[in-house]
Amino acid sequence: SGGTFVPAVVIGTGYGAAVSALRLGEAGVPTLMLEMGQLWNQPGPDGNIFSGMLKPDKRSSWFKTRTEAPLGSFLWLDLANRDIDPYAGVLDRVNFDQMSVYVGRGVGGGSLVNGGMAVTPRRSYFEEVLPQVDAAEMYAKYFPRANSTLRVNNIDKGWFEQTDWYKFARVSREQASNAGLSTTFVPNVYDWDYMRREADGTVPKSALAAEVIYGNNHGKVSLDKSYLAAALGTGKVTIETLHQVKTIRQQKDGTYLLTVEQKDADGKLLATKEISCRHLFLGAGSLGSTELLLRARETGTLPNLSSEIGGGWGPNGNIMTARANHMWNPTGTKQSSIPALGIDDWDNKDAPVFAEIAPMPAGLETWVSLYLAITKNPERGTFVYNAAKDRADLRWTREQNAPAVAAAKSLFDRINKANTTIYRYDLFGKQLKAFADDFCYHPLGGCVLGKATDNYGRVAGYKNLYVTDGSLIPGSIGVNPFVTITALAERNVERVIKEDVAKS
Ligand code: FDA
């Protein structure tokens, strides 16, 4: 058997990975985390760690020659994007045939680029999606554990009501209310007290300087500041960055052998390493973990993997849309990049929607109200291994998003009608388009719990091999997903450490 041996390897450093590493470290298990992205803690030439959204540079994107922002146009002009040098930047857009998926790259995974919205799903929907998981235990133990370790906090409602920075959200709330819809405050891992000090001018601005999808220089408690800091604090966990796992095989003694490519931040191959371990945890995200297992199954390095690997994928019903407000109803030149409110119409049986009221922090008045709608779309996609390209392709068609568009349209038609407003057609590319149905932020599934794995993420067909991340969730969870991914990982790893790791 080849390579360096470590008892446990965790692939990735996102939510599922970070939970697993912390709990393994606490259990005294020497654990190596392998992350293909960078550690984001060094300031660049401009003194900032991350480049902002308004002037993105190479740090913004994962090996692109031009940035690929979700709001690609304004009045059909591509004003937001910039030409850049290919580099190991923090946000990736993985473009499949009919669906693009945004993911974070770096120590902390999606936590580096996401909106920080920390939402515990409605219990009835959690039970519908994952009926085999004991919901009573989840809501009594693992959701609270996830929320506190992630340091989820709530906005001060008095401040929300009077600050210029959330005028856009108050405008949208009133318009929703005119249509008989109610809104709810959304908890976050962004430190709301820090944001108030940003508004007061006493600390450097981040959320109030349009920072989010290319990283927050301040204010956000991303995983490197919560779970991963605690994991490193156990003294048992090590993180190797710019290390991408390529192949996984099982050796005769049951241990796993990984081939890993180490690159520099410009993409130059520095070394190909072999690393072996007894317990292997996949936390490379819905796309990453599924691709690794598909490749292993299809190239015969893990031939006993189930045919369920690759199935049950969905974009959590993500649809973005925008409305044009009347001239007398501006949304404000000041907009916090961190959403604070959601329109909650999930109990509407015909078209359940949870729509976050998103900012459009352009620094000038746009009269735009922007939304990310999470809908309940029963359609599912499948990953298949493309041998020629050695990658996973996603079988998902644009028509499969029609139910999600219909649900979002039903909600926003009501809001438009009640406020005599219309959609914006200029924001999602060069064509006339009111609904962005071709990208998502919430990839879920590919190695579904209880199908590709047992009820605790143990991969079917192999011992000591686990999936820990968003690929366990079958395509939909009804709210922003990272709290659920975290809580489920807490539940699963507790069982695995007790039954598999401690006894070996
Ligand atoms: P995650 O994707 O976080 O981590 C996987 C890690 O593995 C990455 O760091 C990746 O680089 C690494 N990796 C992949 N393949 C590898 C390989 N072969 N070798 C080594 N490393 C590898 N959710 C939410 O709840 N609230 C929100 O507000 C938002 N907002 C939001 C905005 C944007 C712009 C995005 C892109 C996403 C969100 N999300 C969100 C979604 C949320 O970020 C996402 O669901 C989680 O990050 C998924 O967590 P995972 O643990 O599944 O993987």
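When a ligand or atom number is given, it counts from 1 through the structure's own listing order. Index from 1, following the sequence.
Neither the backbone nor the side chain of V107 comes within contact range of ligand 1; no heavy atom lies under 4.0 Å. Residue-level proximity to ligand 1 for L34 is carried by the backbone, the only part with a heavy atom below 4.0 angstrom. Contacts of H442 with ligand 1, taken as heavy-atom pairs under 4.0 Å, involve the side chain alone.
The shortest contact between atom 42 (C) of ligand 1 and any protein heavy atom is with N114 ND2, 3.9 Å. Given atom 50 (P) of ligand 1, the protein heavy atom at minimum distance is D469 CB, 3.8 Å. The closest protein non-hydrogen atom to atom 3 (O) of ligand 1 is G110 N, 2.9 Å. Looking from atom 4 (O) of ligand 1 to the surrounding protein, the closest heavy atom is G14 CA, 3.4 Å. Protein heavy atom closest to atom 27 (C) of ligand 1, with residue, atom name and distance, is M117 N, 3.6 Å. Residue, atom and distance of the protein heavy atom nearest to atom 53 (O) of ligand 1 are G285 CA, 3.5 Å. With hydrogens left out, the protein atom closest to atom 22 (C) of ligand 1 is M36 SD, 3.4 Å, a heavy atom. Of the protein's non-hydrogen atoms, the one nearest atom 48 (C) of ligand 1 is I485 CD1, 3.6 Å.
In summary, R122 and E127 do not engage in a salt bridge, as defined by a charged side-chain N under 4.0 Å from a carboxylate O. Of the charged side-chain nitrogens involved, at least one lies within less than 4.0 Å of a carboxylate oxygen, so that E128 and K376 count as a salt-bridged pair.
In this structure, the side chain of R295 engages the main chain of K246 through a donor-acceptor pair within 3.5 Å. In this structure a side-chain-to-backbone donor-acceptor pair under 3.5 Å is present from D344 to W346. Counting only distance, with no hydrogens or angles, the side chain of N217 and the backbone of I49 share a donor-acceptor pair below 3.5 Å.
Within the 4.0 Å cut-off (strictly below), no protein heavy atom is located near atom 44 (C) of ligand 1.
Atoms of ligand 1 found under 4.0 Å from any heavy atom of Y15, numbered from 1 in the order shown, are 46 (C), 47 (O), 49 (O), 51 (O). Close contacts of ligand 1 with R105, meaning ligand atoms under 4.0 Å from a residue heavy atom, involve 10 (C), 11 (O), 14 (C). Here is the list of ligand 1 atoms found below 4.0 Å of a heavy atom in G283: 5 (C), 6 (C), 7 (O).
Partner of Y166 under the side-chain contact (heavy atoms from CB on, under 4.5 Å) criterion, chosen from I155, I357, L341: I155. Screening Q38, K64, K58, R59 for a side-chain hydrogen bond (donor to acceptor under 3.5 Å, both in side chains) involving Y87 leaves a single residue, Q38. Exactly one residue among V189, V113, D191 makes a side-chain contact (heavy atoms from CB on, under 4.5 Å) with K220. That residue is V189.
Using a 30° and 60° split on the angle between ring planes, F143 and Y139 fall in the tilted class, from 30° to 60°.
The closest approach between any non-hydrogen atom of E356 and ligand 1 is not below 4.0 Å.
At a 3.5 angstrom cut-off on N or O pairs, A118 does not count as close to ligand 1. Among the atoms of G116, some N or O lies under 3.5 angstrom from an N or O of ligand 1. Taking only nitrogen or oxygen atoms, main chain and side chain alike, V113 does not reach within less than 3.5 Å of ligand 1. Taking only nitrogen or oxygen atoms, main chain and side chain alike, V245 reaches within less than 3.5 Å of ligand 1.
Checked against the 6.0 Å centroid threshold, W396 and F96 do not count as a close aromatic pair. The aromatic ring centroids of Y102 and Y441 lie less than 6.0 Å from each other. For Y456 and Y466, the ring centers sit 6.0 Å or farther from each other.
Among A489, A284, G470, the residue whose heavy atom lies closest to atom 5 (C) of ligand 1 is A284. Scanning G115, G16, P443 for the heavy atom closest to atom 30 (N) of ligand 1 points to G115. Looking at Y441, F482, Y102 and measuring to atom 34 (C) of ligand 1, the nearest heavy atom belongs to Y441.
Side chains of N480 and E356: a donor on one and an acceptor on the other come within 3.5 Å.
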